[in-house]
Amino acid sequence: MRILVVEKEHKIARSIKQSLEQEGYDVDSAYDSDEGSSAAVSQQYDLIILDEKISNKSGGGSIVNTMRNAKVHTPVLMLTDKKTDKNRSKIANGDADSYLAKPFSLSQIMTNVRRLVKRSSPTESILSAGDLHLDTETYAVTRAGKNINLTTKEFALLEYLLRNQDRPSSKETIVAYVWDYEADVLLNTVEVYVKYLRAKIDDPFDSKILKTVRGFGYKIDSSPNT
């Protein structure tokens with residue numbers, strides 16, 4: 001799957017690109033309207049992530065208009081500064097297929113990406129490790145057949161660790177993925193949420209699945225043992 005990220009803020013573009021590549025997507029980046037329009041029309045993509053206020057007077061919508069006029073119907077996820085009714089009308093008018101208001105977390109980006117690319121290439125919605133299962137569509141989490149209620153942040157943390165199971169993830173990486181890019185989050189906060197998550201998915205069970213990798217971070221063990 002190939003994705004184009006058109007975002008004027010290089011820091012945000014790099015964060016999105018790194019997260020998508022970690023999920024196995026091929027990613028191209030553009031930082032202005034001319035470069036974005038050219039790539040969107042001349043190259044084949046499964047999804048385009050577009051900053052609404054890319055550097056031109058018309059905003060990101062002009063790139064979408066260029067695409068549609070060229071008969072390019074690639075799904076568009078538009079990044080906006082504010083969630084308003086105007087955004088909804090843009091989607092209704094075909095300017096974008098979905099929108100996401102800033103600030104957002106990388107987990108929100110990935111949720112939208114998976115939903116949009118699924119149109120052309122259905123993907124498995126169930127993530128599993130041992131007897132732990134997470135459904136990215138219904139947000140249901142179970143272990144050994146028992147339902148587990150998670151908060152939004154706990155769910156995002158577990159989803160990230162499951163998608164990277166058996167690979168240690170640092171606190172810095174977890175913060176970048178789970179929290180808004182503008183959030184001022186202490187690394188100790190990750191420890192707190194790992195503790196919360198462990199209390200729900202590990203403590204009530206004999207085998208332990210959420211492991212601390214000393215000096216590296218945390219990981220989900222795909223083959224848990226006691």
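Numbering starts at 1 and runs along the sequence shown. Everything quoted here is computed from the prediction, not taken from an experiment.
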Rounded distance [0.5 Å steps], OG in S98 versus CD1 in I49: 10.5 Å
Trace of the side-chain hydrogen bond (donor to acceptor under 3.5 Å, both in side chains) decision for R198 with T212: CA-CA 11 Å; R198 188 172 274 146; T212 299; 3.1 Å; yes
Indicate yes or no: at least one non-hydrogen side-chain atom of V6 is less than 4.5 angstrom from one of E35. no
Do L210 and L161 have side-chain heavy atoms sitting under 4.5 Å apart? yes
Run the numbers on E7 and K102 for salt bridge (Lys or Arg N to Asp or Glu O under 4.0 Å), then give the verdict. CA-CA 12 Å; E7 167 60 62; K102 298 178 182 180; 3.4 Å; yes
Below 4.0 angstrom, N of the basic side chain to O of the carboxylate: do K8 and D32 qualify? no
Taking atom NZ of K153 and atom OG of S105, what is their separation to the nearest 0.5 Å? 5.5 Å
Would the distance check show the side chain of E9 and the main-chain N or O of K11 forming a donor-acceptor pair, the cut-off being under 3.5 Å? no
Residue among E159, K219, Q22 satisfying side chain to side chain donor-acceptor pair (under 3.5 Å) with N164: Q22
Which atom of V76 lies closest to which atom of L47, heavy atoms considered: N-CD1, 4.3 Å
Shortest non-hydrogen separation from E154 to Y196 and the atoms involved: OE2-CB, 3.3 Å
Is there a side-chain contact (heavy atoms from CB on, under 4.5 Å) between D166 and D221 once you walk through the steps? CA-CA 5 Å; D166 294 324; D221 192 340; 3.7 Å; yes
Regarding D202 and R143, does a basic nitrogen lie under 4.0 Å from an acidic carboxylate oxygen? yes
Please walk me through it: do Q165 and L162 pass side-chain contact (heavy atoms from CB on, under 4.5 Å)? CA-CA 5 Å; Q165 57 187 273; L162 280 170; 4.2 Å; yes
Go through the side-chain N and O atoms of N147 and T142 and say whether any donor and acceptor fall under 3.5 Å apart. no
Are the side chain of S38 and the backbone of D34 linked by a donor-acceptor contact shorter than 3.5 Å? no
Examine W179 together with Y193 and report whether their ring centres are nearer than 6.0 Å. yes
Is there a path of hydrophobic side-chain contacts, each under 4.5 Å between heavy atoms of I, L, V, M, F, W or Y residues, that connects V192 with I174? yes
What I want to check is whether the side chains of H133 and S128 have a donor and an acceptor closer together than 3.5 Å. yes
Going by atom types alone, do R114 and T136 pair a side-chain donor with an acceptor below 3.5 Å? no
Taking the side chain as C-beta and beyond, is there a heavy-atom pair between L50 and L79 under 4.5 Å? no
Please examine the side chains of Q108 and T111, heavy atoms only from C-beta on, and report whether any two atoms are closer than 4.5 Å. no
Let me see the working for Y218 and V213 under side-chain contact (heavy atoms from CB on, under 4.5 Å), right down to the final yes or no. CA-CA 5 Å; Y218 305 97; V213 183; over 6 Å; no
Rounded to the nearest 0.5 angstrom, the NZ-OG distance for K53 and S33 is 15.0 Å
Are Y139 and I201 connected into the same hydrophobic cluster when the rule is that any two of I, L, V, M, F, W, Y join if their side-chain heavy atoms are below 4.5 Å apart? yes
Could you tell me whether D203 atom CG has more than 12 heavy atoms of other residues or ligands within 6.0 Å of it? yes
One thing to verify: whether D26 and R2 come together as a salt bridge, which I'm taking to mean a side-chain N less than 4.0 angstrom from a carboxylate O. no
Measure across A129 and I209 and return the closest heavy-atom pair with its distance rounded to 0.1 Å. O-CD1, 3.1 Å
Starting at CZ of F216, measure out to OG of S169 and round the result to the nearest 0.5 Å. 12.0 Å
For the side-chain contact (heavy atoms from CB on, under 4.5 Å) test, which of L150, V178, I148 pairs with L158? L150
Sidechain-backbone polar pair: T189 side chain, V185 backbone, donor-acceptor under 3.5 Å: no
Quick one: does V141's side chain get under 4.5 Å of L132's, heavy atoms only? yes
Quick one: do R68 and D97 make a salt bridge, cutoff under 4.0 Å? yes
CD1 (I16) and OG (S29) are apart, to the nearest 0.5 Å, by 9.0 Å
If you define the side chain from C-beta out and look only at heavy atoms, does anything of N112 sit under 4.5 Å from F104? no
Looking only at heavy atoms, what is the nearest atom pair of D46 and T74, with distance? C-CG2, 3.7 Å
Salt bridge or not for D28 and K17, using N-O below 4.0 Å? no
Check for me, please, whether Y160 and L187 land in the same ILVMFWY cluster - side-chain distances under 4.5 Å, paths through other members count. yes
Quick one, L4 with Q43, criterion side-chain contact (heavy atoms from CB on, under 4.5 Å). Give me CA distance, side-chain angles, the key distance, then yes/no. CA-CA 9 Å; L4 173 65; Q43 304 294 322; over 6 Å; no
Are any side-chain N or O atoms of E23 and backbone N or O atoms of L20, one a donor and one an acceptor, separated by less than 3.5 Å? no
Nearest heavy atoms of I48 and Y45, plus distance in Å: CG1-CB, 4.4 Å
Determine the minimum heavy-atom distance between L106 and S19, stating which atoms define it. CD1-OG, 3.0 Å
